[in-house]
Amino acid sequence: MRAIHRDVPLPGILHSMSISSLNYSLPIDRRQSATALAVARGSTRLLHSLGFSVVSELALASGRRADLVALGGGGELWVIEIKSSIADFRADQKWMDYRRHCDRLFFATTLEVPCEIFPKDTGLIVADAFGASIVCEAPEHRLHASTRKSMMLAFARAAALRLSALADPEGPYGVEF
């Protein structure tokens, strides 16, 4: 895993902010457990090391919200569904809908959750707050061009609105972005 330099300036609109100051400026999302947030952080670090950009909690056309959506340099889209416990996995069967919105579908979890509970036709990432590993590759099922375009636009819009909200916290961005 690559090290993240905490005091490296960021490009563009946030040029005066370091990564550490950006971390302090991001709002805390209280919908997830501490475990789920740690898995999201480690998984995001892994995805960044693989060349992906990541947006969390992305609203999908189906009305669902994906935990993490990763966009690769070649336009590939991965959805990562975070499960922090066996009970979390068993209580949530909406993940099957996510396959319609990505080229590859992964679950991400902790070492404490047994890998055997996850479907064999999905990928698996094991993570903690500091990093992650892909334990099982997800099979590829390429998106239709119109779905890819829709997902890429949703990804870009969410990323741009979130960046604008950081630069201008009192701007007209609304709660849902």
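Residues take their numbers from the sequence shown, with the count starting at 1.
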Would you compute the distance between atom CD of Glu81 and atom OG of Ser43 and round it to the nearest 0.5 angstrom? 11.5 Å

Distance (rounded to the nearest 0.5 Å) between Lys149 NZ and Leu143 CG: 14.5 Å

CA sep, side-chain torsions, deciding dist, call: Ile80, Leu47, side chain to side chain contact (heavy atoms under 4.5 Å, CB included): CA-CA 10 Å; Ile80 296 83; Leu47 293 162; 3.8 Å; yes

If you take all heavy atoms of Gln93 and Arg90, which pair is closest and at what distance? NE2-O, 3.7 Å

Do Leu68 and Val39 share a hydrophobic cluster, counting only Ile, Leu, Val, Met, Phe, Trp and Tyr and linking them when any side-chain heavy atoms are less than 4.5 Å apart? yes

Below 4.5 Å, heavy atoms only, C-beta onward: do Ser150 and Leu153 meet side chain to side chain? no

When every non-hydrogen atom of Phe52 is compared with those of Gly72, the smallest separation belongs to CD2-N, 3.3 Å

Before giving the answer on side chain to side chain contact (heavy atoms under 4.5 Å, CB included), spell out for Glu76 and Arg142 the whole-Å C-alpha distance, their side-chain angles and the decisive distance to 0.1 Å. CA-CA 8 Å; Glu76 59 274 19; Arg142 299 291 292 174; 4.2 Å; yes

Where do Ser84 and Ser33 come nearest, in terms of heavy atoms and distance? OG-OG, 3.9 Å

Can you list the steps and then say if Phe118 with Thr109 is a side chain to side chain contact (heavy atoms under 4.5 Å, CB included)? CA-CA 10 Å; Phe118 296 102; Thr109 193; 3.7 Å; yes

Val55 and Arg162, any side-chain heavy atoms less than 4.5 Å apart: yes

If two hydrophobic side chains count as joined below 4.5 Å and joins carry through other members, does Phe155 share a cluster with Leu50? no

Is the side chain of Asp103 donor-acceptor paired with the backbone N or O of Trp78 at a distance under 3.5 Å, no angle test? no

Could you walk me through whether Arg41 and Asp128 satisfy the salt bridge (charged side-chain N to carboxylate O under 4.0 Å, His left out) test, starting with their C-alpha distance in whole Å, then the side-chain angles of each, then the deciding distance to 0.1 Å, before giving a yes or no? CA-CA 8 Å; Arg41 179 180 171 193; Asp128 62 20; over 6 Å; no

Please tell me whether Leu60 and Phe107 are part of a single hydrophobic cluster in this structure, the criterion being side-chain heavy atoms less than 4.5 Å apart. yes

Measuring only between side-chain heavy atoms, which start at C-beta, is Val113 closer than 4.5 Å to Lys83? no

Between CD of Glu57 and CG of Asp67, what distance do you get to the nearest 0.5 Å? 5.5 Å

Do Leu58 and Ile82 belong together in a cluster built from hydrophobic side chains that touch within less than 4.5 Å? no

When rounded to the nearest 0.5 Å, the distance separating CG of Leu124 from CD of Glu116 is 9.5 Å

Using only atom types and a distance under 3.5 Å, with no angle test, would you say the side chain of Ser164 pairs donor to acceptor with the backbone of Leu161? no

State the CG-CE distance between Leu105 and Met96, to the nearest 0.5 angstrom. 11.0 Å

Between the main-chain N or O of Val135 and the side-chain N or O of Ser133, is there a donor-acceptor pair closer than 3.5 Å? no

Please report the shortest heavy-atom distance between Phe106 and Arg104, naming the atom on each side. CE1-CB, 3.9 Å

Closest heavy-atom pair and its distance - His101, Met151: O-CE, 3.4 Å

Donor-acceptor contact below 3.5 Å, side chain Arg45 vs main chain Phe130: yes

Do you know the tightest heavy-atom contact between Leu46 and Ser49? O-OG, 2.6 Å

Going by salt bridge (charged side-chain N to carboxylate O under 4.0 Å, His left out), name the residues that satisfy it together with Arg99, two or more places apart in sequence or in a different chain. Asp121

Quick check: is Leu77 connected to Ile125 through a chain of hydrophobic side chains (ILVMFWY, heavy atoms under 4.5 Å apart)? no

